[in-house]
Amino acid sequence: MPGICPCGLGRPYADCCGLLHAGAIAETAEALMRSRYSAYVLGDIDYLRATWHADTRPAQIEPGDVAATRWLGLEVRRHAMTGADSAIVEFVARYKVGGAAAVRLHELSQFVREDGRWFYVDGDVHAR
Ligand SMILES: [Zn+2]
């Protein structure tokens, strides 16, 4: 278990995304997004699946793909409510797969809240 949370807020993991990974409810779409980034870092596929909306969740999240990716950092650029129970989060995440050069993933993600819980729906990747 990591000491400092991978999500970039600089708090202890146990007081940050660790709470959400243990079942606490994310207050905002941004908190959910950060906790999903941390779950990618930690290879917590069950959490990724549980927080992915049932309509868009892939049939399989390959553990090998998650394990092969080394995440280098997360920067949340924007978080905005787009309705009573919908929000967007714009972020830049950097990662490496194997010995390849670092990739910069710039994504605008959509989230919805159902029964008080936020879910990741999908995202538009900004080319560049
Ligand atoms: Zn965190």
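Along the sequence shown, the residues carry numbers beginning at 1.
- E62 CD: more than 12 foreign heavy atoms inside a 6.0 Å radius.
- I61 and M33 end up in the same hydrophobic cluster when Ile, Leu, Val, Met, Phe, Trp and Tyr side chains are linked at under 4.5 Å.
- Within the 4.5 Å cutoff, the side chain of V89 has heavy atoms near those of the V76 side chain.
- Under the 4.5 Å side-chain heavy-atom criterion for grouping Ile, Leu, Val, Met, Phe, Trp and Tyr, V97 is not connected to L72 through any hydrophobic cluster.
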Note to self: One pair to check against side chain to side chain donor-acceptor pair (under 3.5 Å): S35 and Y47. What are the steps and the verdict?
What the structure shows: CA-CA 9 Å; S35 72; Y47 186 80; 2.6 Å; yes

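- Residues A39 and L48 share a closest heavy-atom pair of CB-CD2, 3.8 Å.
- Within the 4.5 Å cutoff, no side-chain heavy atoms of R34 are placed close to those of F91.
- Interatomic distance, Q60 CD to D65 CG, rounded to the nearest 0.5 Å: 10.5 Å.
- Applying ring pair (Phe, Tyr, Trp, His ring centres under 6.0 Å) to H21 and the options Y37, Y40, Y13 leaves one that passes, Y13.
- The two residues L9 and C16 make their nearest non-hydrogen contact at CD1-SG, 4.1 Å.
- Placement of V66 and L74 within a single hydrophobic cluster is found when ILVMFWY residues are connected by side-chain heavy-atom separations under 4.5 Å, directly or transitively.
- To the nearest 0.5 angstrom, K96 atom NZ is 12.5 Å from T69 atom OG1.
- A continuous path of ILVMFWY side-chain contacts below 4.5 Å connects V41 to L20, so both sit in one hydrophobic cluster.
- The distance from atom CG of D124 to atom NE2 of H106, rounded to the nearest 0.5 Å, is 11.0 Å.
- Donor-acceptor pairing under 3.5 Å is lacking for the side chains of H53 and Q110.
- Following chains of ILVMFWY side-chain contacts shorter than 4.5 Å, one can reach V103 starting from V125, so the two form part of one hydrophobic cluster.
- Residues C5 and S38 are in side-chain contact: their nearest non-hydrogen atoms beyond the backbone lie under 4.5 Å apart.
- Once rounded to the nearest 0.5 Å, the distance linking CZ of R78 with CG of L108 reads 5.5 Å.
- Side chains of M81 and R113 form a contact here, defined as non-hydrogen atoms less than 4.5 Å apart.
- A ring pair (Phe, Tyr, Trp, His ring centres under 6.0 Å) with F111 is found for one member of Y120, W118, W52 and no other, namely Y120.
- The closest side-chain donor-acceptor pair between S109 and E107 falls under 3.5 angstrom.
- The shortest distance between side-chain heavy atoms of V112 and D85 does not fall below 4.5 Å.
- Around the CZ atom of R70, the shell of radius 6.0 Å holds no more than 12 heavy atoms that belong to other residues, nucleotides or ligands.
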